[in-house]
There are 2 protein chains.
Amino acid sequence: MVVYELTDSEVDAMFGALADATRRDIVDRVLHENASVSRLAERYDMSFAAVQKHVAVLQAAGLVTKSRQGREQIVSGNLVSIHHIQKLLSHFEAVWKQRALQMADVLRDDATTEAPPSPTSSGTRADIPHD
Amino acid sequence: MVVYELTDSEVDAMFGALADATRRDIVDRVLHENASVSRLAERYDMSFAAVQKHVAVLQAAGLVTKSRQGREQIVSGNLVSIHHIQKLLSHFEAVWKQRALQMADVLRDDATTEAPPSPTSSGTRADIPHD
DNA sequence: ATAATATACAACCAAATGGTTGTATATGAA
DNA sequence: TTCATATACAACCATTTGGTTGTATATTAT
């Protein structure tokens, strides 16, 4: 329901996991369709072990899950965590928009001496995103 | 307009920059109101140089900008890039939702032998997010 | 001119990251 | 049992990262 049950280090892990093109591609792939680790590995110009590590990073971040199926490990995408991050960024956006409104209202932006909250359009504060 | 004018390494930089709690906090702060580097540094339990480095990482990722104002460097948040990332994650979400629809349609998910696109609800494909 | 403030930047260090190769284990097929 | 496949995992290496301290430069105040 609420987004902010994530600890800092959990969020660190999520963003960190997405900070690599190979891993983003893996997420994209397994969101489209599940794939075994070796199937994934075929696609990239690096060792199997390297891909294995990437998957491990994604798994540790909770972005994908693995499940045994015969002698393969099937990797699948985890929407929930992706949704979490997206909401977090929505929060950033909301903050910015809120501020843009304030600037339009007050019509000055002196950096250090910026106006305190003083919501002219009161109650519009977009603090924390819920679902 | 279109989101995908970002190179892989640019996206790497953005996610990488957000993969640190201090830096996320800085972004949050400067989205609320601009602040000089030293003003930011006061808030964190680390050296000025460390905070300076964090700001540099954010700047390199395009998430914040700096502008001289007297003897201070004023840091401010950059919405555009944040919007970019958010859209990128929206794309991931869209892919997932699309797939969820397919699963609901086809009612099987054999991992390797998954059904090819075959959009029963044709034209609903949520490929690339535009603005 | 001198001092204080705000920043820049270099050098250094420990730990994490992204890659490699090599070896071991588990499962399925013959 | 034996062989091939899929994965796990350890050891190693170069580079990056997040922090430190120290020094230099630019701007404002006295």
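Lettering of chains follows the sequences in order, A, B, ..., and the numbering in each one begins at 1.
- Close to D:dA8, at under 4.0 Å from its OP1 or OP2, lies a side-chain N or O of A:Gln73.
- Nucleotide D:dA8 holds its C1' atom 12 Å from the CD atom of A:Gln59, rounded to whole Å.
- Atom NZ of A:Lys53 and atom C1' of D:dT15 are 13 Å apart (whole Å).
- In this structure, of C:dA6, C:dG18, D:dA6, it is D:dA6 that holds the atom nearest to the side chain of A:Glu72.
- In this entry the distance linking CG of B:Asp12 with P of C:dT17 reads 15 Å, nearest Å.
- Rounded to whole Å, the distance from CZ on A:Arg68 to P on D:dT5 is 17 Å.
- One atom, CG of A:Leu58, and another, C1' of C:dG18, lie 13 Å apart when rounded to the nearest Å.
- Residues B:Phe48 and B:Ala41 share a closest heavy-atom pair of CD1-CB, 3.8 Å.
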Original post:
Can you list the steps and then say if B:Arg29 with B:Arg43 is a side chain to side chain contact (heavy atoms under 4.5 Å, CB included)?
Top reply: CA-CA 10 Å; B:Arg29 284 194 132 331; B:Arg43 304 278 180 158; 2.8 Å; yes
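- End-to-end axis angle of the helix from C:dA1-D:dT30 to C:dA30-D:dT1, using five pairs per end and rounding to 10°, comes to 20°.
- Residues A:Tyr44 and A:Val51 come closest through the heavy atom pair CD1-CG2, 4.2 Å.
- Closest of all the heavy-atom pairs between A:Asn34 and A:Ser76 is OD1-CB, 2.9 Å.
- Remark: A:Arg71 is not in phosphate contact with C:dA29, judged by side-chain N or O atoms under 4.0 Å from OP1 or OP2.
- A sub-4.0 Å separation between OP1 or OP2 of C:dA8 and a side-chain N or O of B:Gln52 is present.
- A 4.5 Å side-chain heavy-atom check between A:Leu40 and A:Val30 finds at least one atom pair inside the cut-off.
- The side chain of B:Ser38 contributes an N or O atom lying less than 4.0 Å from OP1 or OP2 of C:dT7.
- Within the 3.5 Å criterion, the main-chain N or O of A:Gly62 finds a donor-acceptor partner in the side chain of A:Ser81.
- Regarding A:Arg39, its CZ atom lies at a distance of 16 Å from the P atom of D:dT5, rounded to whole Å.
- A heavy-atom distance below 4.0 Å to DNA chain C is reached by these residues of residues 43-51 of chain B, ordered by number: B:Phe48, B:Ala49.
- Side-chain contact between B:His54 and B:Met46 is present, with at least one heavy-atom pair separated by less than 4.5 Å.
- When the options A:Arg24, A:Met14, A:Arg23, A:Lys66 are evaluated for a side-chain contact (heavy atoms from CB on, under 4.5 Å) with A:Leu58, the one that passes is A:Arg23.
- B:Val27 and B:Leu6 fall within the same hydrophobic cluster, where Ile, Leu, Val, Met, Phe, Trp and Tyr residues are linked whenever their side-chain heavy atoms come under 4.5 Å apart, directly or through other members.
- If you measure from atom NZ of B:Lys66 to atom C1' of C:dT7, you get 8 Å, rounded to the nearest angstrom.
- With rounding to whole Å, B:Leu18 atom CG is found 16 Å from D:dG18 atom C1'.
- Proximity note for B:Asp20 (side chain, C-beta onward) versus D:dT7, C:dG19, D:dG18: the nearest is D:dG18.
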